Amino acid sequence: MFSSAEIGIDLGTANLLIYTKNKGIVYNEPSVVAIDTTSKNVIAVGEEAKQMIGKTPQNIIPVRPLKDGVIADYDVTAQMLKEMLRKVSKKLGHSLRKPSVVICVPTGATSVERRAIHNAIKEYGAKYVHLIEEPIAAAIGAGLPVEEPTANMVVDIGGGTSEVAIISFGGIVSARSARVGGDKMDQAIIQHVRREYNVLIGERSAETVKIQIGHALVDHAEETMEVRGRDLVTGLPKTITLSSTEIKSALKESLEQILEAIQETLESCPPELSGDIVDQGITLTGGGALLKGMQDWLASELDVPVHIAQDPLECVAIGTGKSLKMISKLQKASK
Ligand code: ADP
Ligand code: MG
């Protein structure tokens with residue numbers, strides 16, 4: 001007899017992670033699928049598919065089904081989920097038979113989208129599927145005492161969206177989901193390079209620039225970096241040198257939108273809980289938390305302590321997995 005596996009899934013707009021109770025994070029790859037447009041078959045998922053972005057022949061297209069923080073394509077999302085579960089299952093042997101699954105969905109997901117995700121996992125053969133709100137998962141993964149009566153604030157900056165929430169007694173007291181995150185920053189870098197240099201660079205290059213020399217709106221020692229693209233005048237490949245100062249100004253608008261979402265959430269916080277936030281501070285999760293200077297910039301703008309979670313990219317997946325333990329405890333208790 002196989003005992004049924006318990007897994008947590010973080011279906012992020014940029015990355016999909018799978019966490020199992022016994023083995024921790026067993027899958028961590030980009031939320032990308034490569035599709036053959038002639039046969040409509042999925043050719044590759046995850047890292048392999050991401051490598052194909054901007055490089056594939058015309059009949060193979062890499063798709064990010066969750067790109068703007070919404071599930072743009074249910075079918076592709078469902079196929080991606082099943083393919084990833086299959087991959088993990090193969091890696092772990094039969095241990096993923098009829099799993100109990102907790103999956104994290106973005107706050108902005110509609111009920112139709114939630115149902116589509118739920119069904120896709122059920123179709124894979126899950127015995128039990130539970131959906132959890134992203135900020136709660138992020139808070140649990142960051143080790144915050146979510147079930148206590150003190151309020152905690154989490155800001156999860158992902159690829160497509162930034163989720164801001166105040167949590168108390170295990171529930172969301174106040175939240176905002178802003179359609180801005182790492183992707184918008186990458187696009188801003190592409191536009192900047194196009195405008196200033198007449199050079200077109202790819203999304204992956206823009207992301208590398210952001211990670212290497214991108215900074216939040218803080219003073220810093222200037223860094224430079226070379227990047228290659230296509231000269232829009234001559235049509236030929238061209239190498240240009242970018243400075244961290246110009247990249248900082250390209251990121252300004254996205255960063256201010258994130259700040260605004262945090263300020264609005266703070267303003268709508270019940271006064272009884274405001275004091276807790278001032279004491280506890282704000283916890284940053286998601287890949288955007290890793291942008292250089294983010295913590296210092298937000299702390300100075302908001303005048304509240306800001307912490308970065310220990311593994312910002314893994315927080316949500318860890319939190320979904322841990323929430324499972326809490327859910328099964330509750331179920332046992334009710335038996
Ligand atoms: P999602 O939950 O939407 O899948 P993630 O939390 O996985 O998103 O974060 C992915 C985003 O974080 C991407 O836009 C990526 O470029 C960005 N990111 C990852 N590492 C860094 C870094 N060191 N600096 C800035 N941005 C980063
Ligand atoms: Mg996420």
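Remember, it's a predicted structure, so these values are computed and weren't measured experimentally. As the structure lists them, so they are numbered: ligands from 1, and atoms in each ligand from 1.
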Min side-chain heavy-atom separation V180-T161 under 4.5 Å: no
Those atoms of ligand 1 less than 4.0 Å from some heavy atom in G286: 6 (O)
More than 12 heavy atoms from other groups under 6.0 Å of CZ on R204: yes
Residue of the set I247, I189, T245 for which side-chain contact (heavy atoms from CB on, under 4.5 Å) holds with I213: I247
Criterion side chain to side chain contact (heavy atoms under 4.5 Å, CB included) on I9 and T320, from CA distance to verdict: CA-CA 7 Å; I9 302 177; T320 52; 5.9 Å; no
Which of the ligand 1 atoms, numbered from 1, are nearer than 4.0 Å to a heavy atom of E207: 13 (C), 15 (C), 16 (O)
salt_bridge(K50, E203) N-O dist < 4.0 Å: no
Atom 12 (O) of ligand 1 - nearest protein heavy atom and its distance: G287 CA, 3.2 Å
Protein heavy-atom partner closest to atom 7 (O) of ligand 1 - residue, atom, separation in Å: N15 ND2, 2.7 Å
Test of proximity, K210 against ligand 1: N or O pairs below 3.5 Å: yes
Any V193 side-chain heavy atom under 4.5 Å of L242 side chain: yes
Side chain, backbone, both or neither: the part of D10 lying under 4.0 Å from ligand 1 by heavy atom: neither
Atoms in ligand 1 flagged as close to G288, the criterion being non-hydrogen separation under 4.0 Å: 12 (O)
Identity and distance of the protein heavy atom lying nearest atom 23 (N) of ligand 1: L290 CB, 3.4 Å
Ligand 1 N/O within reach of E134 N/O, cut-off under 3.5 Å: no
Presence of salt bridge, K252 and E256, under 4.0 angstrom: yes
Identity and distance of the protein heavy atom lying nearest atom 3 (O) of ligand 1: T13 OG1, 2.6 Å
Check: E134 and V154 side chains under 4.5 Å, non-hydrogen atoms: no
Flag side-chain contact, heavy atom, 4.5 Å: E163 against V155: no
Protein contact of atom 10 (C) of ligand 1 - nearest heavy atom, named by residue and atom, plus distance: A14 CB, 3.6 Å
Side-chain donor/acceptor of D311 to backbone N/O of L313, under 3.5 Å: no
Protein N, O or S atoms lying under 2.8 Å from the Mg ion (ligand 2), listed by chain and number: E134 OE2
Under-4.0 Å heavy-atom contact with ligand 1, by part of M185 that carries it: neither
Pairs involving residues 210-253, ordered by first then second residue, that meet ring pair (Phe, Tyr, Trp, His ring centres under 6.0 Å) (sequence neighbours left out): H215-H220
Nearest neighbour in protein (non-hydrogen) for atom 2 (O) of ligand 1: G12 CA, 3.8 Å
For atom 8 (O) of ligand 1, closest protein heavy-atom neighbour: G159 N, 3.1 Å
E253/K184 salt bridge by N-O under 4.0 Å criterion: no
Side chain S162, main chain I157, donor-acceptor under 3.5 Å: no
Test of proximity, L313 against ligand 1: N or O pairs below 3.5 Å: no
